[in-house]
Amino acid sequence: MSDHPEDLEAYAQDDIETFEDLEDMEEINALTELGTTLIQAILEKEPMENIRDLIDAGAPLWFQDNEGTSPLHAAAYVGNDQLVNLLVEEGAVWNTVDNLGNTAGDIALSMNNEACYTLIRDAGIRSVLLLALLSSGSSPTETPSALVIRDNDTSAVGSTYAFLASRLHYTKDASGQEICLLKLEDGGQVGVMMGWERDIMHKTVDELCSSHPKLDGGLRVLNVGFGLGIIDGMFQTLPKPPSLHVIIEPHPDVLAHIKEQGWHEKVGVNILEGKWQDVLSSEEFRGLGKFDVVYTDTFAENYDELHKFFKRLPDLLDGPDARFSFFNGLAATNALFYDVYTRVCDCHLSEIGAEVHWCDVNVEVDDAKDQERWGETREYFTQPIYRLPVAQLKHKD
């Protein structure tokens, strides 16, 4: 035993920390046992009373076993919508994924269980809407609703500032597809925009413009985000070219490409350099007036920024005949997430007084063509159906 008081104090502190570690381990073991028991009870279809007793005893609804299965996953496997409803009401996490990357909603969808899927999807919608409300005063990189998709990504894929500092390359892949390509630090490649989107853009322009009452006089068009210039090129080839065609673009490499393509010399085209958040507040932009058609397709912006753009629409759209759309690629590598965010968009557009018409565009391809579509790039849209939004402000009574 040491005669020094400081040594005795150190020994005592070590004993306290060891005891606390033991307590923590005991608590973890207890929660693990309860969580495992709950999952097994659900999979073995034990009576609802048994499930309630386990939840009341503290069985963690967030627990996942070695395969990533949560209690909500288990309830989806057995197809018990009453149990799914109970777990959701008790706070089960709607967007947890198992080791195969599937949510409980994905499982319900794969089993054609509409009741279970709808309960999980609606829980996701409520969660995202609530988080958006609670985080309305937060900065874009801190907002909880963004974490559902990108988990606070600060790379060039998830951060606007990192993206604008990155280098982009305009090229063609092995199949001849046009790509605006972003190379990542980890060696991966992401298509900022790819040629396969052309069918989506064609349908979008058709929905926005073909029946517009002002088409014959030349529409006033605003597009945010140039990319490959696919949709802008389609706007220019309307039967009557736009009387005003404003393009907002912040990335220096894209701006250089725009200039190389001669867009600055096109009649009626106005290129405004900068982020839309800054450009829309500028005197130059405000002096242009309102628009008949507004479209946005930005990169490395989370949903909160798109929601902010929605709120600007009443000042951008020239009355109820004007139309708005955006590239709906929100969480489009997961069926449940894509459905949730599509419906959240519908809710938020309704809040600003807009009605949304949704068109389904089939973008499914077979395995061989899918490989041609993505090549060496990361997949950012894996759903068979693209949900195309067209929004218009409601007529005022």
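Counting only heavy atoms from C-beta outward, the side chains of Asp98 and Glu67 never approach each other to under 4.5 Å. Between Leu168 and Phe163, the closest side-chain pair of non-hydrogen atoms falls below 4.5 Å. Tyr380 places none of its side-chain heavy atoms less than 4.5 Å from the side chain of Phe299. With a 4.5 Å cut-off on side-chain heavy atoms, Leu306 and Leu330 count as touching. Side-chain contact between Lys394 and Pro320: absent, with no pair of heavy atoms (C-beta onward) separated by less than 4.5 Å. Leu219 is not listed as a side-chain neighbour of Phe235, based on a closest heavy-atom distance of 4.5 Å or more. Phe226 is listed as a side-chain neighbour of Trp263, based on a closest heavy-atom distance under 4.5 Å. At least one side-chain heavy atom of Asp106 sits under 4.5 Å from a side-chain heavy atom of Asn334.
For the atom pair CG of Leu228 and CD of Gln177, the computed distance is 8.5 Å after rounding to the nearest 0.5 Å. Note that CG of Asn113 is 9.0 Å distant from CG of Asn80, once rounded to the nearest 0.5 Å. Distance CG/Leu280 to NZ/Lys275: 12.0 Å, rounded to 0.5 Å. The CD atom of Gln392 sits 7.5 Å away from atom NE2 of His212, with the distance rounded to the nearest 0.5 Å. Atom CD1 of residue Ile120 and atom CG of residue Leu87 lie 9.0 Å apart, to the nearest 0.5 angstrom.
Smallest separation of non-hydrogen atoms from Cys345 and Trp358: CB-CH2, 4.4 Å. Residues Val84 and Ala76 come closest through the heavy atom pair CG2-N, 4.3 Å.
For the side-chain contact (heavy atoms from CB on, under 4.5 Å) with Leu61, the qualifying choice from Val93, Leu72, Leu38 is Leu38, the only one to do so. For the side-chain contact (heavy atoms from CB on, under 4.5 Å) criterion with His245, the lone passing option out of Val293, Leu222, Val269, Val267 is Val269. Only one option out of Asn328, Asp360, Thr342 pairs with Arg387 in a side-chain hydrogen bond (donor to acceptor under 3.5 Å, both in side chains); it is Asp360.
Thr377 contributes a side-chain N or O that, together with a main-chain N or O of Trp374, makes up a donor-acceptor pair within less than 3.5 Å. Side-chain atoms of Asp297 do not come within 3.5 Å of backbone N or O of Phe327 as any donor-acceptor pair. Judged by distance alone, the side chain of Asp253 and the main-chain N or O of Leu255 form no donor-acceptor pair under 3.5 Å. The main-chain N or O of Thr333 is never found under 3.5 Å from a side-chain atom of Glu379 such that the two would form a donor-acceptor pair. In this structure, the side chain of Asn85 does not engage the main chain of Asp81 through any donor-acceptor pair within 3.5 Å. The backbone N or O of Met193 sits nowhere less than 3.5 Å from a side-chain atom of Glu178 that would complete a donor-acceptor pair. A donor-acceptor pair is defined here as one N or O able to donate and one able to accept, closer than 3.5 Å; such a pair exists between the side chain of Thr36 and the backbone of Thr32. Under the 3.5 Å distance criterion, the side-chain polar atoms of Thr118 are left unmatched by any main-chain donor or acceptor of Ala115. Counting only distance, with no hydrogens or angles, the side chain of Glu249 and the backbone of His251 share a donor-acceptor pair below 3.5 Å. Under a 3.5 Å cut-off, the side chain of Ser127 and the backbone N or O of Gly124 do not form any donor-acceptor pair.
Using cut-offs of 30° and 60° on the angle between ring planes, the pair Trp276 and Phe309 is perpendicular. Relative ring orientation between Tyr303 and His307 is described as parallel, the plane-to-plane angle staying below 30° on a 0-90° scale split at 30° and 60°.
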Run the side chain to side chain donor-acceptor pair (under 3.5 Å) check on Ser211 and Arg323 step by step: do they pass?
-> CA-CA 11 Å; Ser211 62; Arg323 301 169 187 183; 3.2 Å; yes
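Taking the charged nitrogens against the carboxylate oxygens, Glu305 and Lys308 do have a contact shorter than 4.0 Å, which makes a salt bridge. Ion pairing of Asp339 with Arg343 is present here, as a side-chain N (NZ or NE/NH1/NH2) and a carboxylate O approach within less than 4.0 Å.
Residues passing the side chain to side chain donor-acceptor pair (under 3.5 Å) test with Glu207 are Lys203, sequence neighbours excluded.
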